[in-house]
Amino acid sequence: MNIIEIILKKKRGEALTREEIRFFARGAADGSLPDEQLAALLMAICLRGMTPQETADLTMEMMHSGEVVDLSGVGGVCVDKHSTGGVGDTTTLVLTPLVAACGAKVAKMSGRGLGHTGGTLDKLESIPGCTVSLSQEAFVAQVRRIGCAVIGQTGDLVPADKRLYALRDVTGTVDSVPLIASSILSKKLAAGAHAIVLDVKTGSGALMQTLEDSVELAQAMVRIGTLAGRPILAMVTGMDQPLGTHVGNALEVKEAIDILSGRADGKSADLREVSMLLGEQMLLAAGAAPSRDEARRRLEHALESGAGLEKLREMIAAQGGDARVCDDTGLLPRARYILPVPAMRDGYVCSMDTTGIGYVAQGLGAGRARKTDVIDPAVGLVMAVRIGERLCEGEPIAYIHANDEARGRAAVERMQQLVRLSDAQPQRPPLVLAEVTPQGVRRA
Ligand code: URA
Ligand code: CA
């Protein structure tokens, strides 16, 4: 097969065959195709798009470019949840133990922070002793024994994506629905999930900032999962402000524990609610609850009885971490300086540059600017307001948690520009904007 002919064909806007797509995915994985030809084809796909069939073919060929995990040993239906990434998006740490406490199996392979978004693995590693590197055998055994595990990728899963993702990052070809959908779903399918719930974020802190693009991405992924024979559904949820109040690794662990122990304040209500809504869908998809109402009832009970927090304790202990953090979050790493961000005027909080807020946390050391950067688990920020609230001049918008005073002061100034105040009272942004199932799209 000739890669130049394949590039020319896509450049003309024609659909590629399964064999042509296989040649491309294999060539990316085994190194037989060079960067420049892969990059040219990626750009052609970005500009010309792919049909649903091509997108599904690309996903399956990427999935089979490396190892595929077999979760049949866990003794039940394994359900996975994937978020397209946001700021203060700690739903995994809240709902993994809750859903497991309700009887479904959650075997999660999570990622690290990327760009302005946080990553669950970095958050878990902020717990003293906690590891996210388990062998596949230990992973399956833990899920079988306690019902859940959250770890990093084991083995050589989807090598085609590793190469293509790194190329997309530096060639302006990240924002393509078929490329994003195949990248995410190839990894979810290779990680072995039997059922998949997707949380597609939309708004100022999301990969896809408009609702139309977010719904299109959700539809593409639901179509692929359905073709692959897995129960799948997507919720499109708002990312116009950080979902939780805490942004940063140990800070987000603290907020998750506060929610699971009933100690969180009202400003964590959106994070709690989105976690519950995704949890309902996970229990339904796993066949662990007969209806949405019943799923909700069980999740609320697991929260109120402390069964969810107990499950988190078990998971942390199983992964070598100090589970006492569940009873005393003061044992988590803490930053040296806590600096308030005062409002510069009276007014209603009307909008936020949520991507910018993610980068503030990254700049403090909560994320990586380069792949080799080391994360500071303690730093980040805590939002003191939600969109729609009224503030007086001088009242805190947020608190910066820094280990370097100068970086902390710079973060305070930056935050004052990222959170905008107005005289008119804005509407509170909706939490859920659409639900996408194999049957179609329901808009809120
Ligand atoms: N996350 C992924 O894993 N892949 C993409 O292409 C975008 C987000
Ligand atoms: Ca992520």
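Order of listing sets the numbers, starting from 1, for every ligand and every atom in it. If you read the sequence from its start, that first residue is 1, and numbering goes on from there. Only heavy atoms go into these numbers, but all of them, side chains included; no hydrogens, no water, no symmetry mates.
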Under 4.0 Å between a side-chain nitrogen and a carboxylate oxygen: does that hold for [X] and [Y]?
X: Asp161; Y: Lys187; result: yes
X: Arg272; Y: Glu300; result: yes
X: Glu5; Y: Lys11; result: no

Discussion item. Closer than 4.0 Å to some heavy atom of Tyr165 - which atoms of ligand 1 meet that?
Written reply: 2 (C), 4 (N), 5 (C), 6 (O), 7 (C)
Practice prompt. Find all atoms of ligand 1 within a distance of less than 4.0 Å from any non-hydrogen atom belonging to Ser183, and give their numbers and elements.
Written response: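 The list of qualifying atoms is 2 (C), 3 (O), 4 (N), 5 (C), 6 (O).
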Worksheet entry | Minimum-distance protein heavy atom relative to atom 1 (N) of ligand 1 | Ile184 CG1, 3.7 Å
Item to complete: Check whether any N or O atom of Lys187, backbone or side chain, sits under 3.5 Å from an N or O atom of ligand 1, and answer yes or no.
Response: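 Yes; at least one N/O pair falls below 3.5 Å.
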Worksheet item: Any chance the side chains of Thr245 and Glu255 put a donor and an acceptor closer than 3.5 Å?
Response: yes
Worksheet item: Side chains of Ser83 and Lys201: is there a donor and an acceptor less than 3.5 Å apart?
Response: no
Practice prompt. Give a yes/no on ligand 1: does Leu207 have at least one heavy atom closer than 4.0 angstrom to it?
Written response: yes
